[in-house]
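Contents: one structure, followed by commentary.
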Amino acid sequence: MKLEAVDFNAPDAAARFVESLRNTGFGVLKNHPINQDLVASIYQNWQQFFDSEDKLRFRFNPESQDGLFPSEVSEVAKGQQQKDIKEFFHYYPWGQCPDTLRDELQDYYDQANGLAQQLLAWVETHSPAEVSQHYSQSLSSMIDGSDKTLLRVLHYPPMQGDEAPGAIRAAAHEDINLLTILPAANEPGLQVKGKDGEWLDVPCDFGNLIINIGDMLQEASGGYFPSTTHRVVNPEGADMRKSRISLPLFLHPKPDVVLSERYTADSYLMERLRELGLI
């Protein structure tokens, strides 16, 4: 199995993109409309933020889940024992954020959300009738006006050599949401688990946009679109001294959206956040 980038502007882009999602849980886009200079600037500016003591003024609010999650409260992936080696900042348009960084982050948030609605429309268009009949509403309308969609700025610090045995930057996990949109990070490390159980490196060429299925789309599609297991492995050699910045946008439906007979978006999210120990 090999992940290949789909040209966003190609006539068959939608079909090839959705086919990749169906087969691997991931799609990779090139020549997409997200501004790459903006992404590069965000990486640079947020590296400075994570390197500063000022970040501690923005510690997360447990009730609203916005702000800085320092490394000591980092996630433990479902089924894992060790905390991931990372820290991260949760950005919502209504939440806390350093004033000097807000406009740039909001610009990216808006661009990525606009593209997300198009990608969800692609998924719905190329869903078989027996699958799409179970969608309670159009997939793109599920996120329209949602204040739950989360932009996470992730910082994986340089390796110190004293990490807990077995701990990696992000242990194997699946995402909770509908789709995740991720610009290629400034360092490699992202891997996806294939249907054969083997780990596959995700193309990390700067300029690529990586999209993966989350558990909510798997739930809404009755398992037709698989929420794929992925991880971020530790660097080796000279790369151990490098930080890694990553910028996933997690597309969350409005809380009252019906995903299936079992779940609304809100009930599903609350169940998973409890499992992760974040609430």
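These figures come from a predicted structure and were not determined experimentally.
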Taking side-chain contact (heavy atoms from CB on, under 4.5 Å) as the criterion, tell me which of Leu151, Asn45, Leu38 meets it with Leu105. Leu151

From the list Thr149, Leu179, Leu150, side-chain contact (heavy atoms from CB on, under 4.5 Å) partner of Phe250 resolves to Leu150

Lys/Arg N to Asp/Glu carboxylate O, Glu19 vs Arg16, below 4.0 Å: no

Who passes side chain to side chain contact (heavy atoms under 4.5 Å, CB included) against Arg59, sequence neighbours left out? Pro70, Glu72, Val73

Here the pair of heavy atoms bringing Phe60 nearest to Pro62 is O-CD, 3.5 Å

Here the pair of heavy atoms bringing Ala5 nearest to Asn208 is CB-OD1, 4.2 Å

Measuring only between side-chain heavy atoms, which start at C-beta, is [X] closer than 4.5 Å to [Y]?
X      : Y      : value
Val202 : Asn212 : no
Leu209 : Phe8   : no
Leu115 : Pro33  : yes
Ser127 : Tyr224 : no
Phe58  : Cys97  : no
Tyr92  : Asp147 : no

Given Tyr91, Phe88, Phe89, the one that forms ring pair (Phe, Tyr, Trp, His ring centres under 6.0 Å) with Trp46: Phe89

Please round to the nearest 0.5 Å and tell me the distance separating atom OG of Ser227 and atom CG of Asp175. 6.5 Å

Within this structure, what is the CZ-CG distance for the pair Phe225 and Leu21, rounded to the nearest 0.5 Å? 7.0 Å

For Thr264 and Asp266, what are the C-alpha separation, side-chain angles and deciding distance, and is it a side-chain hydrogen bond (donor to acceptor under 3.5 Å, both in side chains)? CA-CA 5 Å; Thr264 63; Asp266 182 65; 5.2 Å; no

Assess the side chains of Glu87 and His155: does a donor N or O sit below 3.5 Å from an acceptor N or O? yes

Does His230 form a ring pair (Phe, Tyr, Trp, His ring centres under 6.0 Å) with Phe26? I'd like the steps, not just the answer. CA-CA 10 Å; His230 53 288; Phe26 271 75; 5.6 Å; yes

Looking at Ser141 and Ser138, would you say the former's side chain and the latter's main chain have a donor-acceptor pair under 3.5 Å? yes

Residue from Gln218, His134, Glu219 passing side chain to side chain donor-acceptor pair (under 3.5 Å) with Ser260: Glu219

